[in-house]
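Each residue takes its place number in the sequence, starting with 1. Reckoned from all heavy atoms, side chains included, excluding hydrogens, waters and symmetry mates. What you see is a predicted model; the values in this text were computed from it and never measured.
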Amino acid sequence: MNHSTLDALAAERTDDSLIGAERSTVGAMMLDGRVVAEVKTIVRSADFMDYRFELIAETCFELHQKGRPVDVITVGTRMRVKDRFRGTFSESLLHELTGEVPTAANAAYYADIVAGGAARRRLRNAGLKLIAAADDPAVNMLSAIEDGRTLLDDAVPGELNMETVGAGMDDYLAGLKE
């Protein structure tokens, strides 16, 4: 399995139901800039499947970090200044997104969904790369295993990594013996 095949498989496997959570996350941040700090602890701009929402989130995070207000006008202005609008992607989408979100109070909930989807995509991509390495006789298996561990650690969000998963598995197995 070559890299272009892996990229095609990864691209095929997107969860369209996550788009609603992405739209709601960025819409909530623009509706009430006070939620940006909490959202930023949950999700990264790179976690968004849709590049437009990634750019919006990145702009919200950037404005918040600089201590500037975050709302549909400030985000739109900043994106226009940085020439981030392309093709059919325009400021009208920003207004549409804030209009879809009834309240910003659920921003963290939406961000959790986005972060979970991103973790699943990273895990899927890591698995595809591991499969490709396993199928390639020219790959050094020890290197592939180490690279696989790194890929899996990077795929899992936050404090949950292969070391903590392993510790949890040890506790689970110990519980079965009792």
**Request:** Could you walk me through whether Phe89 and Asp50 pass side chain to side chain contact (heavy atoms under 4.5 Å, CB included), step by step?
**Result:** CA-CA 11 Å; Phe89 178 30; Asp50 189 312; over 6 Å; no
**Message:** Less than 4.0 angstrom from a charged side-chain N to a carboxylate O is my criterion; do Glu62 and Arg84 meet it?
**Reply:**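 Counted as a salt bridge, because a side-chain N and a carboxylate O are separated by less than 4.0 Å.
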**Request:** Would you mind checking if Arg122 and Asp47 are paired as a salt bridge, meaning a charged N to carboxylate O distance below 4.0 Å?
**Result:**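 Counted as a salt bridge, because a side-chain N and a carboxylate O are separated by less than 4.0 Å.
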**Message:** Could you walk me through whether Leu93 and Glu96 satisfy the side chain to side chain contact (heavy atoms under 4.5 Å, CB included) test, starting with their C-alpha distance in whole Å, then the side-chain angles of each, then the deciding distance to 0.1 Å, before giving a yes or no?
**Reply:** CA-CA 5 Å; Leu93 175 63; Glu96 183 182 313; 4.1 Å; yes
**Asked** Given the rule in the side chain to side chain contact (heavy atoms under 4.5 Å, CB included) test, do Val26 and Phe48 qualify, once you have shown the distances and angles that lead to the verdict?
**Response** CA-CA 10 Å; Val26 294; Phe48 291 84; 3.9 Å; yes
**Asked** When you look at OH of Tyr51, are more than 12 heavy atoms from neighbouring residues, nucleotides or ligands closer to it than 6.0 Å?
**Response**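 Yes - once you tally the heavy atoms of other residues, nucleotides and ligands closer than 6.0 Å, there are more than 12.
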When you compare the side chain of [Y] with that of [X], does any pair of heavy atoms fall below 4.5 Å?
| X | Y | result |
| --- | --- | --- |
| Ile56 | Phe61 | no |
| Leu97 | Glu100 | yes |
| His95 | Ile73 | yes |
| Arg124 | Lys129 | no |

[atom1]-[atom2] distance between [X] and [Y], expressed to the nearest 0.5 angstrom:
| X | Y | atom1 | atom2 | value |
| --- | --- | --- | --- | --- |
| Phe85 | Arg80 | CZ | CZ | 7.0 Å |
| Glu54 | Arg44 | CD | CZ | 10.5 Å |
| Asp32 | Thr98 | CG | OG1 | 12.0 Å |
| Ser24 | Ile19 | OG | CD1 | 11.0 Å |
| Glu58 | Arg78 | CD | CZ | 10.5 Å |
| Asp112 | Asn106 | CG | CG | 11.5 Å |

**Glu22 side chain vs Met49 backbone, donor-acceptor pair below 3.5 Å** =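 Yes, because the side chain of Glu22 sits within donor-acceptor range (under 3.5 Å) of the backbone of Met49.
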**Prompt:** Short question: side chain of Thr150, backbone of Glu146 - any donor-acceptor pair under 3.5 Å?
**Reply:**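 Side chain of Thr150 to backbone of Glu146: a pair is present.
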Taking all atoms of both residues into account, what is the closest heavy-atom pair of [X] and [Y], and its distance?
| X | Y | value |
| --- | --- | --- |
| Ile113 | Ala21 | CG2-CB, 3.5 Å |
| Asp135 | Pro137 | O-CD, 3.3 Å |
| Gly76 | Leu94 | CA-CD1, 3.4 Å |
| Met30 | Cys60 | CG-SG, 4.0 Å |
| Arg121 | Leu18 | NH1-CD1, 3.7 Å |
| Val39 | Ala111 | CG1-CB, 4.1 Å |

**Request:** Could you please spell out the steps behind the side chain to side chain contact (heavy atoms under 4.5 Å, CB included) verdict for Thr25 and Phe53?
**Result:** CA-CA 9 Å; Thr25 301; Phe53 306 141; over 6 Å; no
**Prompt:** Any chance the side chains of Asp71 and Thr74 put a donor and an acceptor closer than 3.5 Å?
**Reply:**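 A pair is found: one side chain offers a donor N or O, the other an acceptor, under 3.5 Å apart.
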**Request:** Answer with yes or no whether the hydrophobic clustering places Tyr109 together with Val114; edges join I, L, V, M, F, W, Y residues whose side-chain heavy atoms lie under 4.5 Å apart.
**Result:**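 Yes, one cluster joins them.
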